[in-house]
Number of protein chains: 2
Amino acid sequence: MKTKTQNLDIEKVFRALSDLTRLRILNLLRGGELCVCDLIDVLDLPQSTVSRHLAYLRKTNLVTSRKEGLWHYYQLAPAELKFSKKIMECIEASCDVIPLLDKDVQSLQSSSCSDCCG
Amino acid sequence: MKTKTQNLDIEKVFRALSDLTRLRILNLLRGGELCVCDLIDVLDLPQSTVSRHLAYLRKTNLVTSRKEGLWHYYQLAPAELKFSKKIMECIEASCDVIPLLDKDVQSLQSSSCSDCCG
DNA sequence: TTAATATATCCGTGTAGGCGAATGTATTAT
DNA sequence: ATAATACATTCGCCTACACGGATATATTAA
């Protein structure tokens with residue numbers, strides 16, 4: 001059953017979005033790349049939990065990461081397919097329904113850590 | 001962690017879409033309501049499997065059903081929220097990536113069962 | 001070297017949900 | 001009543017993956 005194209009497995013993508021923590025991460029990354037410590041700070045979750053979800057998102061090709069010294073920066077993968085664009089619109093629309101998503105963004109902005117590893 | 005609004009649990013919705021069989025069902029329903037026997041026919045899956053997935057979609061409020069004699073007709077739930085509309089656009093976009101989805105629609109059209117319970 | 005920091009991975013445990021055969025329940029036809 | 005049809009639900013089995021504590025790895029600083 002082939003559902004993969006250009007490194008994008010539709011079923012896996014939807015599965016990735018079916019977890020609140022991953023949804024929060026993706027939503028935060030819409031504002032630009034972030035390092036793991038930023039995410040841990042805003043999400044207020046154990047480091048292993050955040051790291052596990054990031055690994056999941058990496059495997060699903062929804063995010064990419066780059067390493068700079070001690071920090072790993074994560075960013076949204078470029079949305080090339082029409083499908084990927086629609087997925088991003090879904091995440092945006094989720095903000096209307098899940099107040100926490102907007103709260104996260106505000107929490108990031110007011111976070112003193114947001115420039116700790118700039 | 002509140003993620004529910006107007007009977008729509010975002011996480012559950014994405015989880016519902018993360019299964020190929022359910023994606024196929026939703027895509028078929030985009031063409032209008034269908035009875036279970038139509039779906040079994042096109043999907044070529046055991047009755048219990050199809051029925052279980054339909055139950056899942058019902059619980060997620062993605063579909064509704066009506067009963068007419070011996071037949072149960074399923075239809076897409078009306079997309080009231082912006083989020084729901086975007087979800088439908090995602091399913092549509094999935095057709096570009098999963099050839100089976102278009103094949104299903106054709107298979108339905110040429111199916112002799114497609115008017116067995118009209 | 002040694003220590004500290006940032007991140008990834010491993011571990012044991014628990015739950016959600018996949019499968020198809022079998023069974024239960026309406027409904028309609030004879 | 002009996003049989004056939006359309007569907008839902010139950011069952012036992014199995015895999016994916018959620019969790020957070022513990023540990024491993026890489027980098028940089030002292």
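Chain A is the first sequence line, chain B the second, and so forth, proteins listed ahead of strands; every chain is numbered from 1.
Aromatic ring orientation, A/Phe14 versus A/Phe83: perpendicular (interplanar angle above 60°, classes split at 30° and 60°).
One atom, CG of B/Leu45, and another, P of C/dA21, lie 12 Å apart when rounded to the nearest Å. Rounded to whole angstrom, the span from the CG atom of B/Leu54 across to the P atom of D/dA8 amounts to 6 Å. Remark: P of C/dT27 and OH of B/Tyr73 are 15 Å apart, rounded to the nearest angstrom. Atom P of nucleotide C/dT9 and atom OH of A/Tyr56 are separated by 16 Å, given to the nearest angstrom. Here C/dA6 presents its C1' atom at 15 Å from CZ of A/Arg66, a figure rounded to the nearest Å. Put simply, CZ on A/Phe14 is 18 Å from C1' on C/dG17, counting in whole angstrom units. Taking atom CG of A/Leu20 as the reference point, atom C1' of D/dC19 lies 15 Å away to the nearest angstrom. Regarding A/Ile40, its CD1 atom lies at a distance of 15 Å from the C1' atom of D/dC19, rounded to whole Å.
B/Glu92 meets the side chain to side chain contact (heavy atoms under 4.5 Å, CB included) test with B/Arg30; sequence neighbours excluded. Applying the side chain to side chain contact (heavy atoms under 4.5 Å, CB included) criterion to A/Thr64, with sequence neighbours excluded, gives A/Gln75, A/Ala77.
Residue-to-nucleotide proximity on DNA chain C shows that, of A/Arg15 and A/Arg58, the 5′-proximal contact is made by A/Arg58. When each of B/Val50 and A/Ser48 is assigned the nucleotide of DNA chain D with its nearest heavy atom, B/Val50 is the one assigned upstream, toward the 5' end.
The side-chain tip of B/Arg22 points at the ring of B/Tyr56 from less than 6.0 angstrom away and within 45° of straight on.
Here the nucleotide nearest the side chain of B/His72, chosen from D/dC19, D/dA8, D/dA18, is D/dA8. In the set D/dG21, C/dC19, D/dC19, the nucleotide with an atom closest to the side chain of A/Thr49 is D/dC19.
For the pair A/Tyr74 and C/dA8, the criterion of a side-chain N or O lying under 4.0 Å from OP1 or OP2 is met. When the side-chain nitrogen and oxygen atoms of B/His53 are compared with OP1 and OP2 of C/dC19, one or more of them lie within a distance under 4.0 Å. The phosphate of C/dC19 (OP1 or OP2) has a side-chain N or O of B/Arg52 nearer than 4.0 angstrom.
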Heavy-atom protein contacts under 4.0 Å, nucleotides 23-30 of chain D, coded B base, S sugar-phosphate only, - none: ---SBS--
side-chain hydrogen bond (donor to acceptor under 3.5 Å, both in side chains) between B/Arg66 and B/Tyr74, intermediate numbers included: CA-CA 7 Å; B/Arg66 71 184 173 88; B/Tyr74 280 81; over 6 Å; no
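The minimum heavy-atom distance linking A/Leu101 with A/Asn27 is given by the pair O-ND2, 3.1 Å.
Salt-bridge check for A/Lys85 with A/Glu80: failed, with every basic side-chain N at 4.0 Å or more from each acidic carboxylate O.
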